Amino acid sequence: MCGVSLYISKKNSYSEELKFSILDTNHRGPDNSDIFEDKKSNYFIGLGHNRLKIIDLSETANQPMKEEGAGVQIIFNGEIYNFIELRNFLIEKGYSFKSNSDTEVILKLYMEYGERCFSFLRGMFSIIIYDPKKDFIFMSRDTMGIKPLYYSLNDNEIFVSSEIRGIKPFINKLSIDINDVYEFFNNGFLYEPRTGFKEVKKLMPGQILSIDLSSFEIFFTEIDLLSTLQNGSSLEEKLKRSVISQSISDVPLGIFFSGGCDSSLIASHSRDTKLFFANYSSNRDSDVDKKYSKDISKHLSKDLITCNLEESSNPDELISQIKFVAKNSEELISDYTFWPTYKLSQSARESGFIVMLSGMGGDEIFAGYPRYLILKYHNILKKFRLFFKFFKSFKLFPKSLDKKFSRLVSYFYEPNWPISYSRLLGYFGRHELKHLFGDHEELLYINLSKKLSKISMSFGGDHGNKVKLAQHYDRYGFLPHNLMVTDKASMLASIEVRVPLLDEEIVSHGYRLESSKLIKLFKTKNPLKLLLANSLPNKLLSRPKTGFNPPIEELITNIGQERLYREFRELKGFINKEFAIEVLNRHFLNKENNSYKIWQILYFKYWVEEFG
């Protein structure tokens, strides 16, 4: 895992800015940093790299790496899990290697196949290759978008980095896009490739960006890997292969473990790998996880390390945590799990680990979230929407279910399905968004509808099957949002996180399954749960789904109404301050449980202060 930076400019050399870009992203690769610069076809070119040593710890694996004969240069962030197989294939073709790194394998693969080399790669990656003889630069991102790659493109210039902070040295000012702000308050995140800034986008998952340096023409193409993979072997065989290949490391490796289905599956197929558990002292869900983690680790004969995440009740410290999330998430994402992920990664690093396996991705690929049940029974539940609205209007349910009922009613009363799916993901309903954005809301709604409709158009399946349609949306929204949080939070602690359940073969397997196979009656994620039954006894299988969720309600309570009111009074631009204060007051008057809405507004305030 590393950090990459690139500039191409017809106007100037950006040598100093490249140094700052590498310095600002040094946490991604503190073991080695280097730069390569050139001038070709009247363009100034600079490649920078920060290295976190994982495979082949020698200096010969440092980057930028050069192929001596043709002068081709590569910088690479991520891991290629089939690099040994590809290396042996290339040796048979007559290639020789100076290192044992996967970076050199990509470089030699490019020498053999050109830009087609990206379609051979299995893993997580963002790659930039500079070919001075062809006068081309190629960059690519892995099929599932596990590794981010940001770029800013204007007249005869492009700046690229693994993080937005790596682009900022090249750009005088970032400007906030109001359409992205509106989308953020609909979803809690942004669909790819948007970031919140007009000047910065992300390369899409599975996309190749090619630049012809002789003309500065830019081409976008796709890696269509998932459709080419066949389901010849069983899901269990694919999982075994994935865990084995993703456990290859020349540094200590562990598993982030919750005792849930996904991390338990990975643990059960791993070798002598230690498990790392995050414990919230005041969270009931954490108590459930703690019990099952202990019991499952004992059953699997695995060492369990518990990381106690200290929860402050000091308002200043809590505000400082939210500001930390707003600054380091960079793009608009309302996800407080960034903070505990960072603390957990920091603890793992202090315990001697550098690589961690995670169970992320299982819920998206095998329909594990509770919202998939609503989608599965969409047509039946829609008939009861008046009933749900009645219950919501008269509060005929526990206050703790406020958020769930609000989402349910908003979902069924939104006529535009892509937007209605946002109601199951975000916290605000349409009527609240109208108050937040005022006279501009109608146009913003139309713009968002057009954007989300394009995602629908790219779905080749049955649009009436809401489970499969939602999986398609999640591939370009909810999943990359989760992956981005994990990537940036873990890399701040210089920890590489790998996700075996997002192996391309496993993803292809899950996407090809009918929704009836994914969900059996009210049992979500059925294929993975059936698989886990081969490794665990029944008493360890039947447990409630909790998720890696920090206690937001307690956070808001501890900050307190008075402090929050002062913070909300300082809101500037983009959203209606008076309505935000009304959301706050209704919460503390016990009329509504608005904890997550208050958190999102507070996060947004600090994000604007940081980047606006």
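These figures come from a predicted structure and were not determined experimentally.
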Practice prompt. Look at the aromatic rings of F276 and F353 and report parallel, tilted or perpendicular, splitting at 30° and 60°.
Written response: perpendicular
Practice prompt. Just say parallel, tilted or perpendicular for the rings of Y427 and Y596, cut-offs at 30° and 60°.
Written response: tilted
Discussion item. I'd like to know if the side chain of D503 and the backbone of V243 have a donor-acceptor N/O pair within less than 3.5 Å.
Written reply: no
Worksheet item: Do you know which two heavy atoms are closest between L109 and C117, and how far apart they sit?
Response: CD2-O, 3.5 Å
Worksheet item: When you look at K597 and Q600, which way does the side-chain hydrogen bond (donor to acceptor under 3.5 Å, both in side chains) test go after all the steps?
Response: CA-CA 5 Å; K597 295 173 186 176; Q600 187 171 2; over 6 Å; no
Practice prompt. Using the six-membered ring wherever Trp is involved, compare the ring planes of F522 and Y377 and label them parallel, tilted or perpendicular (cut-offs 30° and 60°).
Written response: tilted
Discussion item. Between E553 and N593, is there a side-chain heavy-atom distance shorter than 4.5 Å?
Written reply: yes
Worksheet item: Passes side-chain hydrogen bond (donor to acceptor under 3.5 Å, both in side chains), S508 versus K238? Steps please.
Response: CA-CA 11 Å; S508 178; K238 291 170 183 172; over 6 Å; no
Worksheet entry | Residue pair L309 / A278: nearest heavy atoms and the distance that separates them | CD1-CB, 3.9 Å
Discussion item. When you compare the side chain of R241 with that of S233, does any pair of heavy atoms fall below 4.5 Å?
Written reply: yes
Item to complete: Take R122 and E85 through the test salt bridge (Lys or Arg N to Asp or Glu O under 4.0 Å) and record every step on the way to the result.
Response: CA-CA 11 Å; R122 300 275 297 279; E85 173 190 335; over 6 Å; no
Discussion item. Quick check on the 6.0 Å ring-centre criterion: do Y413 and Y411 meet it?
Written reply: no
Worksheet item: Does atom CD of E222 have more than 12 heavy-atom neighbours, drawn from other residues, nucleotides or ligands, at distances under 6.0 Å?
Response: yes
Worksheet item: Should we count NZ of K523 as having more than 12 external heavy atoms under 6.0 Å?
Response: yes
Worksheet item: When you measure from the side chain of E364 to the backbone N and O of Q471, does any donor-acceptor pair fall under 3.5 Å?
Response: no
Worksheet item: Do the ring planes of W339 and Y342 sit parallel (below 30°), tilted (30 to 60°) or perpendicular (above 60°)?
Response: tilted
Item to complete: Considering non-hydrogen atoms only, spot the tightest contact between S410 and G429 and give its length.
Response: OG-CA, 3.9 Å
Item to complete: Could you tell me whether D272 atom CG has more than 12 heavy atoms of other residues or ligands within 6.0 Å of it?
Response: no
Worksheet item: Donor-acceptor pair, K488 side chain versus S329 backbone, under 3.5 Å?
Response: yes
Worksheet item: Distance-only, no hydrogens or angles: does the E504 side chain make a donor-acceptor pair with backbone N or O of G123 under 3.5 Å?
Response: yes
Discussion item. Quick one: does any side-chain atom of S449 pair with a main-chain N or O of Y445 as donor and acceptor, under 3.5 Å?
Written reply: yes
Item to complete: First locate atom CD1 of I266, then atom OG of S358, and finally report the distance between them rounded to the nearest 0.5 Å.
Response: 6.5 Å
Item to complete: Could you point out which residue of I255, L275, I305 forms a side chain to side chain contact (heavy atoms under 4.5 Å, CB included) with S297?
Response: L275
Worksheet item: Between F220 and Y151, what is the ring plane arrangement, given parallel below 30°, perpendicular above 60°, and tilted in between?
Response: tilted
Worksheet item: Are any non-hydrogen side-chain atoms of H378 and F412 less than 4.5 angstrom apart?
Response: yes
Worksheet item: How long is the span from the CG atom in N186 to the CG atom in L433, to the nearest 0.5 Å?
Response: 5.0 Å
Item to complete: Please assess R423 against E414 for the test salt bridge (Lys or Arg N to Asp or Glu O under 4.0 Å), listing each intermediate value before the final yes or no.
Response: CA-CA 8 Å; R423 302 292 174 251; E414 170 59 57; 3.8 Å; yes
Practice prompt. Locate the shortest heavy-atom distance separating I556 from W599; write the atom from each residue and the value.
Written response: CD1-N, 4.0 Å
Fill in: Member of Y182, F428, F185 meeting the ring-ring contact (aromatic ring centres under 6.0 Å, His included) criterion with F604
F185
Discussion item. I'd like to check M360 versus V485 (side-chain heavy atoms, cut-off strictly below 4.5 Å). Are they in contact?
Written reply: no
Item to complete: Kindly indicate whether the side chain of L121, heavy atoms from C-beta on, has any atom under 4.5 Å from the side chain of F118.
Response: yes
Worksheet item: Donor-acceptor pair, N279 side chain versus N308 backbone, under 3.5 Å?
Response: no
Discussion item. What verdict does the side chain to side chain contact (heavy atoms under 4.5 Å, CB included) test give for R371 and Y421, after you've listed the backbone C-alpha separation in whole Å, the side-chain angles of each residue and the deciding distance to 0.1 Å?
Written reply: CA-CA 9 Å; R371 66 176 179 267; Y421 185 53; 2.9 Å; yes
Worksheet, complete the sentence: Here the gap from S420 atom OG to R430 atom CZ, rounded to the nearest 0.5 Å, amounts to 12.5 Å
Worksheet item: Can E331 and Y150 be counted as having a side-chain donor-acceptor contact under 3.5 angstrom?
Response: yes
Discussion item. Is it the case that over 12 heavy atoms from other parts of the model lie below 6.0 angstrom from the NZ atom of K294?
Written reply: no
Worksheet item: Which value, rounded to the nearest 0.5 Å, describes the distance between L373 atom CG and I519 atom CD1?
Response: 5.5 Å
Worksheet item: Going by heavy atoms in the side chains, are F478 and Y473 under 4.5 Å from each other?
Response: no
Worksheet item: Taking C-beta and beyond as the side chain, do I146 and L502 meet within less than 4.5 Å on heavy atoms?
Response: yes
Response to the item:
Exactly one of K451, K202, R475 clears salt bridge (charged side-chain N to carboxylate O under 4.0 Å, His left out) with E192, and that residue is K202
Practice prompt. Under the salt bridge (Lys or Arg N to Asp or Glu O under 4.0 Å) rule, collect the residues that match up with D295, sequence neighbours excluded.
Written response: K291
Worksheet entry | Smallest separation among heavy atoms of K147 and S126, with atom names | CB-N, 3.9 Å
Response to the item:
Across all chains, not counting sequence neighbours, the ring-ring contact (aromatic ring centres under 6.0 Å, His included) partners of F184 are Y603
Practice prompt. Determine the interplanar angle of the F459 and H472 rings, folded into 0 to 90°, and report it as parallel if under 30°, tilted if 30 to 60°, perpendicular if over 60°.
Written response: tilted
Worksheet item: Distance-only, no hydrogens or angles: does the S270 side chain make a donor-acceptor pair with backbone N or O of A267 under 3.5 Å?
Response: yes
Discussion item. I'd like to know if the side chain of D142 and the backbone of M124 have a donor-acceptor N/O pair within less than 3.5 Å.
Written reply: no
Worksheet item: Between R498 and Y81, is NZ or CZ placed under 6.0 angstrom from the six-membered ring centre and within 45° of the ring axis?
Response: no
Worksheet item: For D474 and P480, which heavy atoms make the closest approach, and how far apart are they?
Response: O-CD, 3.3 Å
Practice prompt. Would you check if the side chain of R141 reaches a backbone N or O of L203 as a donor-acceptor pair within less than 3.5 Å?
Written response: yes
Worksheet item: Any side-chain heavy atom of R28 within less than 4.5 Å of one from D487?
Response: yes
Discussion item. To the closest 0.5 Å, what do you measure between CG (D335) and OG1 (T341)?
Written reply: 7.5 Å
Discussion item. Using 0.5 Å steps for rounding, measure from the CD1 atom of I296 to the SG atom of C261.
Written reply: 9.5 Å
Worksheet item: Are there more than 12 heavy atoms of other residues, nucleotides or ligands under 6.0 Å from atom NZ of K468?
Response: yes
Worksheet item: Where the side chain of N526 meets the backbone of K520, is there a donor-acceptor pair that is under 3.5 Å apart?
Response: no
Discussion item. Go through it in stages, so that I can follow the logic: the residues are E183 and R194, the test is salt bridge (Lys or Arg N to Asp or Glu O under 4.0 Å), and I'd like the CA-CA distance, side-chain angles, deciding distance and then a yes or no.
Written reply: CA-CA 10 Å; E183 181 181 342; R194 306 300 301 179; over 6 Å; no
